[in-house]
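For reference, the structure is listed below as structure tokens.
Every number for a ligand or one of its atoms is a count from 1 in the order of the listing. Note: hydrogens, waters and symmetry copies are ignored here, and every other heavy atom, side chains too, is used.
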Amino acid sequence: MNLIITIDGPAASGKGTLARLLSESLNLLWIDTGLFYRAVALEILSQQLDPSPKNAAHIASQITAPVIPSSQLRETEVSKIASCIATFPELRSALLPIQQYLANNPPQPYKGAVLDGRDTGSVVCPHAHAKFYLNASIEERAKRRALEQNTPETQSQEHVKKDLQQRDLQDSQRSHAPLVIPQNATVIDSSALSPEKTLEICLETLVRMGIMPS
Ligand code: DC
């Protein structure tokens, strides 16, 4: 069986950490779908292209493997462009078959795939064996993101919080594939949970669902 698990949720909710831990525990290919949008944004910036739906879709069509994480992909300018182009239906349609193909055909020795993003349980893999929706309070998410960016001062945290709120709005209000709690998803609030505890809850859920032996 090719096991498919999806994790959706807002920015800085801990999706990436949980996806990595799950991929390591269960030997699953980790597909960070946000990186695809970031990779397209970086290419647009590097080639000094107009961030149009056509250019974005063309660049996306050339992606053939999960995008390798890098610090460049996390830069502020890349994040801004990624957030903007993620609203283009043309780009989402170009990325959809690539993400679906990778989820359904992970290379050996993987036993399946874990995807994280905004629409992985609702659009990319609506028939996933298990779906999780990870959330955390805006304060906790801002704290985590500020720490990640090495900017823990109160003023910076306030700035990070506003930035996250703006992205939440953009991600959940776009007309195409907005951030939603997918049908049948298990919702986890990670505000007061360590990454290890969050993983434990997920694994317990998989056992309860009969997906994993106890
Ligand atoms: O999760 P992230 O911050 O790396 O995502 C980068 C951008 O891509 C963000 O603006 C949301 C968008 N995104 C999306 O629209 N759908 C996904 N499945 C994943 C990310």
Side-chain angles (χ1 to χ4, degrees), residues 4-20 22-23 29-45 51 53 56-57 59-60 63 66-103 113-128 131-136 138 140-142 144-149 160-183 185 190 195:
I4 299 183
I5 299 177
T6 62
I7 308 170
D8 291 297
S13 57
K15 303 182 300 288
T17 305
L18 176 62
R20 178 175 55 76
L22 269 174
S23 74
L29 173 69
W30 175 18
I31 305 174
D32 176 342
T33 58
L35 287 183
F36 288 67
Y37 295 90
R38 290 177 180 274
V40 173
L42 180 60
E43 202 54 30
I44 284 175
L45 280 170
I59 295 168
I63 299 177
V67 180
I68 312 280
S70 73
S71 54
Q72 219 185 355
L73 289 172
R74 297 269 161 216
E75 283 171 8
T76 313
E77 199 53 28
V78 174
S79 303
K80 275 194 194 139
I81 305 271
S83 184
C84 162
I85 61 176
T87 61
F88 299 159
E90 294 86 344
L91 172 59
R92 304 199 75 90
S93 304
L95 286 177
L96 186 62
I98 302 169
Q99 294 172 347
Q100 287 175 330
Y101 179 82
L102 291 171
V114 52
L115 299 91
D116 77 291
R118 306 295 191 288
D119 64 344
T120 63
S122 55
V123 177
V124 184
C125 294
H127 303 299
K131 301 178 189 179
F132 294 97
Y133 184 89
L134 203 55
N135 209 344
I138 183 72
E140 183 57 32
R141 291 194 287 130
R144 289 176 191 169
R145 186 48 58 92
L147 271 172
E148 219 174 77
Q149 296 172 337
V160 173
K161 190 169 149 183
K162 284 214 177 77
D163 203 48
L164 282 177
Q165 280 168 326
Q166 199 181 334
R167 283 186 58 190
D168 285 354
L169 216 65
Q170 200 160 5
D171 288 342
S172 52
Q173 292 193 344
R174 64 172 175 237
S175 54
H176 204 72
L179 171 66
V180 290
I181 299 179
Q183 227 181 357
S190 76

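To the nearest 0.5 Å, atoms CG (Leu22) and CD1 (Ile7) are separated by 5.0 Å.
For residues 79-97, every residue pair satisfying the side chain to side chain donor-acceptor pair (under 3.5 Å) rule, not counting sequence neighbours, is listed here: Tyr37-Arg92, Arg38-Ser79, Ser83-Gln170, Arg92-Asp119.
The closest side-chain donor-acceptor pair between Arg144 and Ser190 falls under 3.5 angstrom.
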### Message
Assess the residue pair Ile138 and Gln165 against the criterion (side-chain contact (heavy atoms from CB on, under 4.5 Å)); give the C-alpha distance rounded to whole Å, side-chain angles, the decisive distance to 0.1 Å, and a yes or no.
### Response
CA-CA 8 Å; Ile138 183 72; Gln165 280 168 326; 3.7 Å; yes
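Of the options Leu115, Thr120, Val180, Val123, a side chain to side chain contact (heavy atoms under 4.5 Å, CB included) to Asp8 is made by Thr120 and by none of the others. Across Lys15, Arg74, Arg118, a single residue satisfies salt bridge (charged side-chain N to carboxylate O under 4.0 Å, His left out) together with Asp32, and that is Arg74.
The residues lining ligand 1, counting any heavy atom closer than 4.0 Å, are Thr33, Gly34, Tyr37, Arg38, Arg74, Ser83, Ala86, Arg92, Gly117, Arg118, Asp119, Arg167, Asp171, Arg174.
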